There are 2 protein chains.
Amino acid sequence: MERLKRMAESYAWVEGIASRTIIEFKKTHEMLEEVFENYFQEYDISDSKFNLLVILYNSSEKGLMLSEIGDRMLVTKANITGLIDRLEKQGLVKRIRDDTDRRKIQAVITKKGISFTEEVMRKYKEWSGDIMNILNDDEKSRLINIMSKLQKGLVQMEAERRIPHVTA
Amino acid sequence: MERLKRMAESYAWVEGIASRTIIEFKKTHEMLEEVFENYFQEYDISDSKFNLLVILYNSSEKGLMLSEIGDRMLVTKANITGLIDRLEKQGLVKRIRDDTDRRKIQAVITKKGISFTEEVMRKYKEWSGDIMNILNDDEKSRLINIMSKLQKGLVQMEAERRIPHVTA
DNA sequence: TTTAAATAATTAATGCATAAACAATTAACA
DNA sequence: TGTTAATTGTTTATGCATTAATTATTTAAA
């Protein structure tokens, strides 16, 4: 939490309401991350690993192909290999080779993984509630509205950026 | 940007306004990061390296001790070693050994580093302006206010968490 | 049917973060 | 003075992300 005072310092060269909004956004996000990290710490699980677990938790009993997981998480397959390695080491997930197509590997959540995921999901909701009690309902919905507008604008900016400059 | 639709999916298990606020926050942050990343890309510089450069840019001509940089960025010294390594390879920074205390090493920004930093700072302000044009001034200040309240609350939560439970 | 191309996962190299162990140097003090 | 402490920075091992190269297998084509 101390880090935030320093962050403000290192962005002292930023002036104007636009840049300040962005910096405040970064600070707030960093604080939220830190608080959640503290909560998550005792479970020895990262955001990514938790995400992957939830995906498998919501999948069928056969689990999911590694590349399917990568597609859903929008993350490279190399990354999935590593995440699954670590989750497997924790006994939360197992690999099962597909017999009809031996290139494929299904990742399946274990019993231990299921109860673990349920526990963390429960906690996550609890923590979110605690944290967001800081704001009243009006502030929360106002915040959501402004962020939605920002998101839409960003998507549009990106879309425009991607349009190649036609010159002829 | 596509990633965001997926993010919403993987957090489908999250319900209630509190959790939703947090997810929207994460999404918005991720979008901002992505847009800035696209901008930064052509400069071959990460957030961390840029931060470090700005710190040296604002320091005296003698530069700063590596440990001082670590203190300011609230980052481990091992990390600083690596960042300086990479910045040095790019010719933006150089190491100078202190003669009176041979344990110390000063990091000094080079001429190339200075003009580079000025260029990127200028761009950063420009980009921030472009992006935050999405919101009007009223929305920007409202957003800042709500985030400030959230930040204060988070700091307080952390402070309370740190107080050991006295039992006697 | 043999060869070429596509697909699935892993490995290797790199960036950025951490903690822990280490070497070198300086400071403290008995 | 000589031994112990503290400090400064690097190295090593690990986690999590990327891209590019590699292996194994299946599919398509010639």
Side-chain angles (χ1 to χ4, degrees), chain A residues 2-3 6-7 26 29-30 33-34 36-38 40-41 43-53 62-90 92-108, chain B residues 2-3 6-7 29-30 33-34 36-38 40-41 43-53 63-90 92-108:
Chain A
E2 185 60 23
R3 133 180 292 118
R6 306 308 182 104
M7 241 188 110
K26 288 183 116 171
H29 182 260
E30 186 150 334
E33 286 290 282
E34 202 165 324
F36 270 101
E37 236 166 64
N38 287 334
F40 268 108
Q41 205 162 294
Y43 292 99
D44 185 26
I45 189 123
S46 67
D47 231 54
S48 299
K49 284 197 291 182
F50 178 54
N51 247 306
L52 202 161
L53 275 182
K62 296 180 338 202
L64 286 176
M65 245 169 57
L66 300 202
S67 51
E68 261 175 83
I69 299 172
D71 287 348
R72 294 213 194 175
M73 294 177 78
L74 281 183
V75 126
T76 61
K77 49 214 173 123
N79 193 4
I80 297 296
T81 296
L83 288 170
I84 296 286
D85 281 350
R86 293 185 286 273
L87 285 169
E88 205 168 23
K89 215 175 278 174
Q90 285 179 271
L92 302 173
V93 151
K94 58 175 185 280
R95 276 179 168 93
I96 293 177
R97 184 138 237 143
D98 188 318
D99 277 329
T100 63
D101 185 341
R102 293 181 44 69
R103 289 171 303 183
K104 296 180 182 169
I105 289 179
Q106 304 286 129
V108 182
Chain B
E2 185 57 25
R3 133 180 291 116
R6 307 308 182 103
M7 242 190 106
H29 182 262
E30 186 150 333
E33 286 289 283
E34 203 165 324
F36 271 100
E37 236 166 65
N38 287 334
F40 268 107
Q41 206 163 293
Y43 293 100
D44 185 26
I45 189 116
S46 68
D47 230 55
S48 298
K49 284 197 292 184
F50 178 55
N51 247 306
L52 202 160
L53 275 183
L64 286 177
M65 247 170 54
L66 299 201
S67 53
E68 262 175 79
I69 299 172
D71 287 349
R72 294 212 195 174
M73 293 177 76
L74 283 183
V75 127
T76 60
K77 47 210 173 127
N79 194 5
I80 298 295
T81 296
L83 287 171
I84 295 286
D85 281 351
R86 292 185 287 272
L87 285 169
E88 207 169 21
K89 214 173 281 174
Q90 286 180 267
L92 303 173
V93 150
K94 58 175 186 277
R95 278 179 168 91
I96 294 178
R97 182 138 237 143
D98 188 319
D99 277 329
T100 63
D101 185 340
R102 296 180 40 70
R103 288 171 304 185
K104 296 179 183 170
I105 289 179
Q106 304 286 128
V108 183

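Since this is a predicted model, take the numbers as computed values, not measurements. Every heavy atom of this structure was used, including side-chain atoms; hydrogens, water molecules and symmetry mates were not. Convention: sequence-line order gives letters A, B, ...; per-chain numbering from 1.
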Quiz prompt | Nearest-Å distance for atom pair CD1/C1', residues B:Ile80 and D:dT11 | solution = 16 Å

Quiz prompt | Atom pair NZ (A:Lys104) and CG (A:Leu64), whose distance is rounded to the nearest 0.5 Å | solution = 12.5 Å

Self-check item: For B:Arg95, side chain to side chain donor-acceptor pair (under 3.5 Å) partners two or more places apart
Solution: B:Asp85, B:Glu88

Quiz item: How long is the span from the CG atom in B:Leu74 to the CD atom in A:Glu30, to the nearest 0.5 Å?
Solution: 9.0 Å

Exercise. Round to a whole Å and report the spacing from CG of B:Asp98 to C1' of C:dA24.
Key: 14 Å

Quiz item: Got a sec, which residues hit side chain to side chain donor-acceptor pair (under 3.5 Å) with A:Lys49, two or more places apart in sequence or on another chain?
Solution: A:Gln90

Quiz item: Side-chain N or O of B:Thr81 less than 4.0 angstrom from OP1 or OP2 on D:dT10?
Solution: yes

Exercise. Only counting residues at least two apart or in another chain, list the ones meeting side chain to side chain contact (heavy atoms under 4.5 Å, CB included) with A:Thr76.
Key: A:Ala78, A:Asn79

Quiz item: Within the structure shown, what part of the strands sits under 4.0 Å from A:Leu83 by heavy-atom distance: base, sugar-phosphate, or nothing?
Solution: sugar-phosphate

Quiz prompt | Bend angle of the helix from C:dT1-D:dA30 to C:dT25-D:dA6, end axes from five pairs each (to 10°) | solution = 40°

Exercise. Assign a letter to each nucleotide of nucleotides 19-26 of chain D from its 5' end: B, base within under 4.0 Å of a protein heavy atom; S, sugar-phosphate only; -, no contact.
Key: B----BBS

Quiz prompt | Minimum-distance nucleotide (side-chain atoms of A:Ser48 versus C:dA9, D:dG9, D:dA17) | solution = D:dA17

Exercise. Compare side-chain N and O positions of B:Ser67 against OP1 and OP2 of D:dG9 and report whether any pair is under 4.0 Å apart.
Key: yes

Quiz item: B:Phe40: what forms a ring pair (Phe, Tyr, Trp, His ring centres under 6.0 Å) with it, not counting sequence neighbours?
Solution: B:Phe50, B:Trp127

Quiz item: Tell me: CD1 of A:Ile84 to P of C:dA8, nearest whole Å?
Solution: 16 Å

Quiz item: For the pair made of CD in B:Glu34 and P in D:dA17, what is the distance, rounded to whole Å?
Solution: 15 Å

Quiz item: What's the spacing between A:Glu33 CD and A:Asp47 CG if we round to 0.5 Å?
Solution: 6.0 Å

Exercise. Heavy atoms only: give me the nearest A:Gly70-A:Ile80 pair and the separation to one decimal.
Key: CA-CG1, 3.7 Å

Practice problem: Specify the separation, in whole Å, of atom CD of B:Gln41 and atom P of C:dG15. | Solution: 15 Å

Practice problem: Syn or anti for C:dA19, please, going by whether the chi angle lies within 90° of 0. | Solution: anti

Practice problem: Specify the separation, in whole Å, of atom NZ of B:Lys89 and atom C1' of C:dA13. | Solution: 12 Å

Exercise. Flag the pair B:Leu52 / B:Ile84 as yes when at least one side-chain heavy-atom distance between them is below 4.5 Å, and no otherwise.
Key: yes

Exercise. Would you kindly compare A:Lys49 and B:Met65 by the position of their nearest DNA chain D nucleotide and give the one closer to the 5′ end?
Key: B:Met65

Quiz item: A:Asp47 has an atom CG; how far is it from atom C1' of C:dA17, in whole Å?
Solution: 15 Å

Practice problem: Give the rounded distance in Å between these two atoms: CE of A:Met73 and C1' of D:dT18. | Solution: 14 Å

